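Step one of this worksheet: look at the structure below.
Count residues from 1 along the sequence. Worth knowing before you read on, the calculation uses all heavy atoms, side chains too, and leaves out hydrogens, waters and symmetry mates. Whatever order the structure lists them in is the order used to number ligands and atoms, beginning at 1. Since the structure is predicted, the reported quantities are computational estimates derived from the model, not experimental observations.
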Amino acid sequence: MYWEKEIETISRKNLEALQLERLRKSVKNASASYHYKNLFETIGVDPEKISSLDDIKKIPFTNKEDLRENWPYGFLAVSKDELVRMHSSSGTTGRATIIFHTQHDLDEWTNIVARSMYMTGMRRGDVFQNMMTYGLFTGGLGFHYGAEKVGALIIPAGSGNSKRQIQLMQDFQTTVIHIIPSYALHLSTVFEELGIDPRRDTNLGIAFLGAEPHSEKTRQKIEDFYGVNAFNSYGLSEMNGPGVSFECQYKNGMHIWEDNYIVEIIDPDTLEPVPDGEEGELVLTTLLREGMPILRYRTKDLTRIIPGPCECGRTHRRIERIKGRTDDMLVLKGVNIFPIQIEKILMDIEGVGTNYQIILERKDYNDHMIVKVEVHKEFFSGDLKQLETLRRAITEELKSDILITPRVELVEPNALPKSEGKAVRVIDNRED
Ligand code: AMP
Ligand code: ZN
């Protein structure tokens, strides 16, 4: 059941001792980089003086802007010839951040991905179809090497090409898939078009869902349609990529591998720590990365620590499903809304299909939200009364949760643009 029992079930006391030892090393190592060397000199941090985990607070946070300003080599703590791979974030705004790895870094990363997969029940003998983009994005190669370490047969399918994905699943009896949740929903419509029922016609048993926020309801939809056990997988390129945090069989939050990362949750406005259990921004520190250590990285992802131990016996704490990024928050007529809130409501309504889009507009100094929703084909044939009833019902449901009244437009299946990577949920046409 455990990939590395000793480390996964280590006592909190020993885990903290291990973290401190690794933190000291990591800070010292980081001070070899241009960025941290200057920073430590400017504010007077002495890496030798980190003597408790609490001392991490002496180090300022690292932001995405710091990574950008020091692009590309300003965070390197080793000489360039020790590097063996680079990856980048999939950010669409500004310059993508680049992360460099030494062989040691890749080995450690691979190990936590393998640990995560093993935790869900994946084993040697499984056939693993990785439906993520291979390349600079970490979801491809990150999972690939983890699966190889577990000993599964890998089908490095990459993203897109839905019919071929389905063909591969059938021909080679895929048992485990790694897929972006919005794409999993889209792929279900292709299965339906082809008259193939994954429960009956494939051997699928496990799905890893990651790379974008998704609701519990979306997970259930995917589990029902594919007949799989679906596990939430969280990571970000700045912290390697996948393998940072993953659900165990109890699916009650994601264990975050604290032998590899120090976890803090802060209030994004005051930057003060919030108590366990309260929501805030996740801040992470790499403990084992040599090539490009990053200290107190502000992920912008909102979550909370789930207090208390997990039934699985692992002692690494759990974070809740990510609510969204601080910069994903929509502010409309003074109301704060996360796209995931809208998804949660939509996916719970009978008749709603697999895709939706939020469009923001400004007219006469007034902000408006338009929510386009794909609904089942039947609504568009014959009497359109039912379509109108559904439209009203959706509007009401949304209004009662987000407190503003969106204009809801219902469209036929596959009418909305779909993406092979992370879904683009919000189009903001408001001008500043
Ligand atoms: P990347 O730039 O590709 O490394 O993207 C990392 C970001 O994707 C994270 O900071 C999150 O905002 C998002 N992300 C990754 N996995 C998940 C997940 N399981 N749930 C929600 N958001 C996720
Ligand atoms: Zn657990």
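If you look at Leu236 next to ligand 1, the close heavy atoms, those under 4.0 Å, come from the backbone and the side chain alike. By the criterion of a heavy-atom distance under 4.0 Å, the side chain of Asn232, and not its backbone, is placed next to ligand 1.
Contact atoms of ligand 1 toward Gly235: 6 (C), 9 (C), 15 (C), 16 (N) (distance under 4.0 Å to a heavy atom of the residue). For ligand 1, the atoms closer than 4.0 angstrom to any heavy atom of Phe137 are 3 (O). Ligand 1 places these atoms under 4.0 Å from at least one heavy atom of Ser237: 2 (O), 4 (O). For ligand 1 and Ser89, the ligand atoms under 4.0 Å from any heavy atom of the residue are 2 (O).
For ligand 1, the polar-atom distance check against Arg325 finds a nitrogen or oxygen pair separated by under 3.5 Å. The N/O atoms of Ala211, backbone and side chain alike, include one that comes under 3.5 Å of an N/O atom in ligand 1.
The Zn ion (ligand 2) is closest to atom NE2 of His255 (considering only N, O or S atoms).
Seen from the ring of Tyr118, Arg123 counts as a face-on cation partner, given the 6.0 Å and 45° thresholds.
In terms of protein heavy atoms, atom 3 (O) of ligand 1 is closest to Ser90 OG, 2.7 Å.
A distance of 6.0 Å or more separates the ring centres of Tyr297 and Phe61.
Ring planes of Phe246 and Phe143: tilted class, angle from 30 to 60°.
By the 4.0 Å heavy-atom criterion, Ser233 is counted among the residues contacting ligand 1. Within the structure, the closest approach of Lys422 to ligand 1 falls below 4.0 Å when heavy atoms are considered.
Which of Glu212, Lys64, Glu247, His87 comes nearest to atom 18 (C) of ligand 1 through a heavy atom is settled by distance: it is Glu212.
Once rounded to the nearest 0.5 Å, the distance linking OG1 of Thr354 with NZ of Lys418 reads 9.0 Å.
Rounding to the nearest 10°, we obtain 120° for the angle at the Zn ion (ligand 2) between Cys248 SG and Cys312 SG.
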